[in-house]
Number of protein chains: 2
Amino acid sequence: MGNQMTEMLKGTLEGIVLAILARRSAYGYEITASLRDRGFSDIVEGTIYAVLVRVEQRGFVDVEKVPSEKGPPRKVFTLNAKGRDQLAEFWRTWSVLAERIEELRNTDNQHGEGA
Amino acid sequence: MGNQMTEMLKGTLEGIVLAILARRSAYGYEITASLRDRGFSDIVEGTIYAVLVRVEQRGFVDVEKVPSEKGPPRKVFTLNAKGRDQLAEFWRTWSVLAERIEELRNTDNQHGEGA
DNA sequence: TACCGGTACCTAGTGTTACTGTCTACCGGT
DNA sequence: ACCGGTAGACAGTAACACTAGGTACCGGTA
(Lines give C-alpha, C1' and ligand atoms only; values in the text may rest on other atoms or scores of the structure.)
Protein backbone atom coordinates (compact mmCIF):
# COMPACT_ATOMS: atom_id res chain seq x y z
CA MET A 1 0.00 0.00 0.00
CA GLY A 2 1.84 3.02 -1.24
CA ASN A 3 2.01 5.78 1.31
CA GLN A 4 1.20 8.06 -1.58
CA MET A 5 -2.44 7.06 -1.27
CA THR A 6 -2.18 7.64 2.46
CA GLU A 7 -1.08 11.19 1.90
CA MET A 8 -3.69 11.81 -0.76
CA LEU A 9 -6.44 10.67 1.55
CA LYS A 10 -5.62 13.52 3.89
CA GLY A 11 -8.36 16.03 3.53
CA THR A 12 -10.53 13.73 1.45
CA LEU A 13 -11.22 10.89 3.85
CA GLU A 14 -13.48 12.99 6.00
CA GLY A 15 -15.48 14.02 2.96
CA ILE A 16 -15.68 10.42 1.82
CA VAL A 17 -17.15 9.38 5.15
CA LEU A 18 -19.63 12.25 5.08
CA ALA A 19 -20.65 11.25 1.56
CA ILE A 20 -21.34 7.72 2.73
CA LEU A 21 -23.39 9.03 5.64
CA ALA A 22 -25.31 11.22 3.21
CA ARG A 23 -26.78 8.10 1.66
CA ARG A 24 -27.93 6.65 4.95
CA SER A 25 -27.09 6.61 8.62
CA ALA A 26 -24.54 4.01 9.65
CA TYR A 27 -22.23 2.91 12.45
CA GLY A 28 -18.48 2.68 12.34
CA TYR A 29 -18.09 -0.95 11.56
CA GLU A 30 -20.65 -0.65 8.81
CA ILE A 31 -18.94 2.37 7.29
CA THR A 32 -15.66 0.47 7.19
CA ALA A 33 -17.39 -2.34 5.33
CA SER A 34 -19.00 0.15 2.98
CA LEU A 35 -15.61 1.64 2.18
CA ARG A 36 -14.21 -1.77 1.38
CA ASP A 37 -17.12 -2.38 -0.98
CA ARG A 38 -16.34 0.86 -2.74
CA GLY A 39 -12.73 -0.03 -3.35
CA PHE A 40 -11.16 1.84 -0.45
CA SER A 41 -9.86 -1.48 0.78
CA ASP A 42 -6.66 -0.06 2.20
CA ILE A 43 -8.33 2.06 4.85
CA VAL A 44 -8.01 0.59 8.33
CA GLU A 45 -10.81 0.39 10.86
CA GLY A 46 -9.05 2.48 13.47
CA THR A 47 -8.71 5.32 11.00
CA ILE A 48 -12.44 5.44 10.43
CA TYR A 49 -13.17 5.69 14.13
CA ALA A 50 -10.77 8.58 14.40
CA VAL A 51 -12.59 10.34 11.58
CA LEU A 52 -15.94 9.66 13.22
CA VAL A 53 -14.76 11.12 16.51
CA ARG A 54 -13.69 14.21 14.60
CA VAL A 55 -16.88 14.73 12.66
CA GLU A 56 -18.88 14.21 15.84
CA GLN A 57 -16.84 16.78 17.73
CA ARG A 58 -17.29 19.25 14.91
CA GLY A 59 -21.02 18.70 15.00
CA PHE A 60 -21.45 17.32 11.49
CA VAL A 61 -23.35 14.27 12.67
CA ASP A 62 -25.97 13.30 15.24
CA VAL A 63 -25.25 10.21 17.27
CA GLU A 64 -27.56 7.54 18.59
CA LYS A 65 -26.65 4.43 20.56
CA VAL A 66 -28.46 1.34 19.39
CA PRO A 67 -28.11 -2.02 21.16
CA SER A 68 -26.93 -4.85 18.98
CA GLU A 69 -27.34 -8.57 19.42
CA LYS A 70 -23.62 -9.14 19.12
CA GLY A 71 -20.95 -7.09 20.78
CA PRO A 72 -21.20 -3.60 22.26
CA PRO A 73 -23.99 -1.19 21.29
CA ARG A 74 -23.72 0.35 17.87
CA LYS A 75 -23.05 4.05 17.60
CA VAL A 76 -25.19 5.15 14.70
CA PHE A 77 -24.13 8.37 12.95
CA THR A 78 -26.59 10.54 11.04
CA LEU A 79 -25.55 13.47 8.88
CA ASN A 80 -27.20 16.69 10.05
CA ALA A 81 -27.64 20.09 8.43
CA LYS A 82 -24.17 21.30 9.37
CA GLY A 83 -22.72 18.07 8.02
CA ARG A 84 -24.54 18.51 4.74
CA ASP A 85 -23.08 22.00 4.45
CA GLN A 86 -19.65 20.60 5.09
CA LEU A 87 -20.20 17.89 2.50
CA ALA A 88 -21.27 20.46 -0.08
CA GLU A 89 -18.14 22.45 0.70
CA PHE A 90 -16.10 19.29 0.31
CA TRP A 91 -17.52 18.65 -3.14
CA ARG A 92 -16.81 22.23 -4.16
CA THR A 93 -13.20 22.05 -3.03
CA TRP A 94 -12.74 18.64 -4.60
CA SER A 95 -14.13 19.85 -7.91
CA VAL A 96 -11.74 22.77 -8.05
CA LEU A 97 -8.72 20.65 -7.20
CA ALA A 98 -9.64 17.78 -9.50
CA GLU A 99 -10.25 20.13 -12.38
CA ARG A 100 -6.91 21.87 -11.99
CA ILE A 101 -5.06 18.62 -11.69
CA GLU A 102 -6.74 17.18 -14.75
CA GLU A 103 -5.74 20.26 -16.71
CA LEU A 104 -2.21 19.70 -15.53
CA ARG A 105 -2.34 16.10 -16.68
CA ASN A 106 -3.56 17.10 -20.10
CA THR A 107 -0.69 19.50 -20.63
CA ASP A 108 1.78 16.94 -19.32
CA ASN A 109 2.59 14.82 -22.32
CA GLN A 110 5.56 12.98 -20.89
CA HIS A 111 3.97 10.40 -18.62
CA GLY A 112 4.00 7.26 -20.75
CA GLU A 113 0.53 7.46 -22.24
CA GLY A 114 0.55 3.67 -22.21
CA ALA A 115 -2.58 2.63 -20.38
CA MET B 1 -8.98 30.20 1.68
CA GLY B 2 -10.68 27.21 3.18
CA ASN B 3 -8.29 25.02 5.06
CA GLN B 4 -10.11 22.21 3.32
CA MET B 5 -8.09 22.92 0.21
CA THR B 6 -4.98 23.03 2.36
CA GLU B 7 -5.61 19.54 3.62
CA MET B 8 -6.49 18.23 0.21
CA LEU B 9 -3.25 19.53 -1.21
CA LYS B 10 -1.37 17.28 1.16
CA GLY B 11 -0.20 14.41 -0.93
CA THR B 12 -1.03 16.09 -4.22
CA LEU B 13 1.15 19.17 -4.12
CA GLU B 14 4.34 17.21 -4.62
CA GLY B 15 2.87 15.52 -7.67
CA ILE B 16 1.68 18.85 -8.99
CA VAL B 17 5.18 20.27 -8.76
CA LEU B 18 6.65 17.19 -10.43
CA ALA B 19 4.09 17.52 -13.21
CA ILE B 20 5.14 21.11 -13.79
CA LEU B 21 8.79 20.09 -13.87
CA ALA B 22 7.91 17.36 -16.37
CA ARG B 23 7.06 20.06 -18.87
CA ARG B 24 10.33 21.91 -18.44
CA SER B 25 13.03 22.60 -15.90
CA ALA B 26 12.38 25.52 -13.63
CA TYR B 27 13.48 27.27 -10.44
CA GLY B 28 11.38 27.85 -7.35
CA TYR B 29 10.22 31.35 -8.04
CA GLU B 30 9.23 30.34 -11.54
CA ILE B 31 7.31 27.31 -10.34
CA THR B 32 5.36 29.45 -7.92
CA ALA B 33 4.42 31.75 -10.78
CA SER B 34 3.48 28.78 -12.93
CA LEU B 35 1.18 27.49 -10.19
CA ARG B 36 -0.55 30.85 -9.95
CA ASP B 37 -1.09 30.79 -13.70
CA ARG B 38 -2.74 27.42 -13.40
CA GLY B 39 -5.21 28.53 -10.77
CA PHE B 40 -3.35 27.32 -7.71
CA SER B 41 -3.28 30.89 -6.50
CA ASP B 42 -3.62 30.01 -2.85
CA ILE B 43 -0.30 28.24 -2.60
CA VAL B 44 2.35 30.24 -0.79
CA GLU B 45 5.91 30.64 -1.99
CA GLY B 46 7.47 29.18 1.13
CA THR B 47 5.48 26.01 0.68
CA ILE B 48 6.92 25.43 -2.76
CA TYR B 49 10.47 25.72 -1.50
CA ALA B 50 9.72 23.14 1.14
CA VAL B 51 8.40 20.78 -1.52
CA LEU B 52 11.47 21.36 -3.66
CA VAL B 53 13.79 20.55 -0.77
CA ARG B 54 11.88 17.32 -0.30
CA VAL B 55 11.91 16.20 -3.90
CA GLU B 56 15.59 17.01 -4.09
CA GLN B 57 16.38 14.95 -1.00
CA ARG B 58 14.42 12.05 -2.41
CA GLY B 59 16.37 12.27 -5.61
CA PHE B 60 13.51 13.03 -7.96
CA VAL B 61 15.24 16.05 -9.45
CA ASP B 62 18.67 17.16 -10.53
CA VAL B 63 19.76 20.59 -9.38
CA GLU B 64 21.86 23.19 -11.10
CA LYS B 65 22.81 26.63 -9.83
CA VAL B 66 22.49 29.29 -12.45
CA PRO B 67 23.53 32.89 -11.77
CA SER B 68 20.82 35.43 -12.37
CA GLU B 69 21.09 39.13 -13.13
CA LYS B 70 18.80 40.00 -10.27
CA GLY B 71 18.98 38.48 -6.81
CA PRO B 72 20.71 35.31 -5.70
CA PRO B 73 21.58 32.51 -8.11
CA ARG B 74 18.65 30.48 -9.35
CA LYS B 75 18.39 26.86 -8.34
CA VAL B 76 17.11 25.15 -11.45
CA PHE B 77 15.35 21.82 -10.93
CA THR B 78 15.19 19.16 -13.62
CA LEU B 79 13.07 16.04 -13.38
CA ASN B 80 15.20 12.90 -13.67
CA ALA B 81 14.32 9.25 -14.32
CA LYS B 82 13.45 8.54 -10.72
CA GLY B 83 11.28 11.62 -10.65
CA ARG B 84 9.45 10.53 -13.78
CA ASP B 85 8.74 7.19 -12.13
CA GLN B 86 7.41 8.98 -9.10
CA LEU B 87 5.24 11.18 -11.29
CA ALA B 88 3.83 8.14 -13.08
CA GLU B 89 3.05 6.61 -9.71
CA PHE B 90 1.40 9.85 -8.68
CA TRP B 91 -0.89 9.78 -11.70
CA ARG B 92 -1.80 6.17 -11.02
CA THR B 93 -2.68 6.86 -7.41
CA TRP B 94 -4.57 9.99 -8.35
CA SER B 95 -6.58 8.14 -10.98
CA VAL B 96 -7.65 5.47 -8.53
CA LEU B 97 -8.65 7.97 -5.88
CA ALA B 98 -10.41 10.33 -8.25
CA GLU B 99 -12.35 7.51 -9.83
CA ARG B 100 -13.56 6.16 -6.50
CA ILE B 101 -14.55 9.57 -5.28
CA GLU B 102 -16.43 10.34 -8.47
CA GLU B 103 -18.34 7.09 -8.09
CA LEU B 104 -19.18 8.15 -4.58
CA ARG B 105 -20.42 11.49 -5.84
CA ASN B 106 -22.64 9.84 -8.42
CA THR B 107 -24.33 7.68 -5.84
CA ASP B 108 -24.70 10.64 -3.49
CA ASN B 109 -27.89 12.30 -4.67
CA GLN B 110 -28.36 14.67 -1.72
CA HIS B 111 -25.84 17.42 -2.37
CA GLY B 112 -27.90 20.16 -4.01
CA GLU B 113 -26.90 19.62 -7.65
CA GLY B 114 -26.62 23.38 -7.98
CA ALA B 115 -23.87 23.93 -10.53
C1' DT C 1 -16.36 -25.25 31.60
C1' DA C 2 -12.76 -23.09 28.75
C1' DC C 3 -11.43 -21.20 24.64
C1' DC C 4 -11.68 -18.97 20.03
C1' DG C 5 -13.41 -15.98 16.56
C1' DG C 6 -16.46 -12.44 14.97
C1' DT C 7 -18.81 -8.06 16.10
C1' DA C 8 -18.16 -3.24 17.61
C1' DC C 9 -15.78 0.43 19.58
C1' DC C 10 -11.77 3.13 21.38
C1' DT C 11 -7.02 5.22 22.15
C1' DA C 12 -1.90 6.71 22.54
C1' DG C 13 1.87 7.47 19.81
C1' DT C 14 4.18 8.30 15.16
C1' DG C 15 5.42 10.35 10.68
C1' DT C 16 4.17 13.26 6.97
C1' DT C 17 2.47 17.34 5.27
C1' DA C 18 1.40 22.44 4.08
C1' DC C 19 1.14 26.88 6.23
C1' DT C 20 2.72 31.10 8.88
C1' DG C 21 6.09 34.29 9.61
C1' DT C 22 10.39 35.77 9.12
C1' DC C 23 14.96 36.16 7.40
C1' DT C 24 19.11 36.77 4.08
C1' DA C 25 20.87 38.56 -0.18
C1' DC C 26 21.23 41.00 -4.68
C1' DC C 27 20.00 44.66 -7.71
C1' DG C 28 18.04 48.98 -10.05
C1' DG C 29 15.54 53.14 -9.52
C1' DT C 30 14.40 57.48 -6.94
C1' DA D 1 20.31 56.28 1.44
C1' DC D 2 16.13 53.87 0.85
C1' DC D 3 12.50 50.86 -1.26
C1' DG D 4 10.61 47.21 -4.05
C1' DG D 5 11.17 43.18 -6.85
C1' DT D 6 13.80 38.85 -7.53
C1' DA D 7 15.34 34.49 -5.33
C1' DG D 8 16.03 31.37 -1.72
C1' DA D 9 15.80 29.50 3.10
C1' DC D 10 14.04 28.00 7.76
C1' DA D 11 11.83 27.26 12.58
C1' DG D 12 7.55 26.48 14.55
C1' DT D 13 2.58 25.01 14.17
C1' DA D 14 -1.71 22.46 13.10
C1' DA D 15 -3.94 18.83 10.80
C1' DC D 16 -4.14 14.37 9.25
C1' DA D 17 -4.02 9.04 8.50
C1' DC D 18 -1.68 5.15 10.18
C1' DT D 19 0.26 1.67 13.59
C1' DA D 20 -0.72 -1.22 17.07
C1' DG D 21 -2.73 -2.31 20.32
C1' DG D 22 -6.81 -2.67 23.81
C1' DT D 23 -11.94 -3.40 25.84
C1' DA D 24 -16.37 -5.67 25.71
C1' DC D 25 -20.13 -8.86 24.15
C1' DC D 26 -21.69 -13.09 22.18
C1' DG D 27 -22.19 -17.94 20.00
C1' DG D 28 -20.06 -22.10 18.87
C1' DT D 29 -16.75 -25.97 19.74
C1' DA D 30 -13.70 -29.10 22.38
Side-chain angles (χ1 to χ4, degrees), chain A residues 1-18 25-36 40-58 60-61 63-77 86 90 93 97, chain B residues 1-18 25-36 40-58 60-61 63-77 86 90 93 97:
Chain A
M1 285 80 77
N3 57 336
Q4 195 151 78
M5 181 58 91
T6 292
E7 291 308 321
M8 263 190 215
L9 280 173
K10 288 188 184 179
T12 55
L13 184 54
E14 185 181 303
I16 289 167
V17 169
L18 293 181
S25 302
Y27 52 97
Y29 201 78
E30 201 177 12
I31 293 170
T32 306
S34 190
L35 284 171
R36 296 200 189 288
F40 296 99
S41 48
D42 32 13
I43 298 177
V44 186
E45 211 188 332
T47 303
I48 302 304
Y49 285 105
V51 173
L52 288 173
V53 166
R54 211 162 65 220
V55 296
E56 182 184 355
Q57 277 173 353
R58 293 193 187 162
F60 298 149
V61 291
V63 181
E64 192 190 359
K65 281 232 170 175
V66 177
S68 83
E69 302 115 25
K70 299 191 71 163
R74 294 167 176 166
K75 209 170 160 185
V76 176
F77 297 86
Q86 178 72 6
F90 167 74
T93 307
L97 181 64
Chain B
M1 285 72 77
N3 57 334
Q4 194 149 80
M5 181 59 92
T6 294
E7 291 307 321
M8 264 191 215
L9 280 173
K10 289 187 183 178
T12 55
L13 184 54
E14 184 181 304
I16 289 167
V17 169
L18 292 181
S25 302
Y27 52 96
Y29 202 79
E30 202 177 10
I31 293 171
T32 305
S34 191
L35 283 172
R36 297 201 189 287
F40 295 98
S41 47
D42 32 14
I43 298 176
V44 185
E45 213 187 332
T47 302
I48 301 303
Y49 285 106
V51 173
L52 289 173
V53 166
R54 212 161 65 221
V55 297
E56 181 184 357
Q57 277 173 353
R58 294 196 186 158
F60 299 148
V61 291
V63 181
E64 194 190 357
K65 281 232 170 176
V66 177
S68 82
E69 303 115 24
K70 299 192 70 164
R74 295 168 176 167
K75 210 171 161 184
V76 175
F77 297 86
Q86 177 72 6
F90 167 74
T93 308
L97 182 64

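Residue numbers begin at 1 in each chain, while the letters A, B, ... track the order of the sequences. All values reported here derive from a predicted model rather than from experimental measurement.
- Searching all strands for a Watson-Crick or G-U wobble partner of dC9(C) with both distances below 3.5 Å returns dG22(D).
- For Phe40(A), the side-chain contact (heavy atoms from CB on, under 4.5 Å) test picks out Ile16(A), Leu35(A), Arg38(A), Ile43(A), Leu97(B), Arg100(B), Ile101(B), with sequence neighbours left out.
- Among residues two or more places apart in sequence or in another chain, the salt bridge (charged side-chain N to carboxylate O under 4.0 Å, His left out) test is passed with Arg36(B) by none.
- Using a 4.0 Å cut-off, some side-chain N or O of Tyr49(B) falls inside it from OP1 or OP2 of dG8(D).
- The side-chain contact (heavy atoms from CB on, under 4.5 Å) test applied to Glu56(B) returns Val61(B), Val63(B), Lys75(B), Phe77(B), not counting sequence neighbours.
- In this structure dC19(C) sits in a base pair with dG12(D), meeting the Watson-Crick or G-U test at under 3.5 Å.
- Ser25(A) meets the side chain to side chain donor-acceptor pair (under 3.5 Å) test with Thr78(A); sequence neighbours excluded.
- Among dT6(D), dA8(C), dA9(D), the nucleotide with an atom closest to any side-chain atom of Tyr29(B) is dT6(D).
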Could you encode protein contacts along nucleotides 24-30 of chain D as a string, one character per nucleotide from 5' to 3', using B for base contact, S for sugar-phosphate-only contact and - for no contact, with a heavy-atom cut-off of under 4.0 Å?
BBS----
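- When heavy atoms are screened at a 4.0 angstrom cut-off, Glu45(A) is found touching base atoms of the nucleic acid.
- A straight line from CG of Leu52(A) to P of dC10(C) spans 9 Å, rounded to a whole angstrom.
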Could you encode protein contacts along nucleotides 13-18 of chain D as a string, one character per nucleotide from 5' to 3', using B for base contact, S for sugar-phosphate-only contact and - for no contact, with a heavy-atom cut-off of under 4.0 Å?
--BBSB
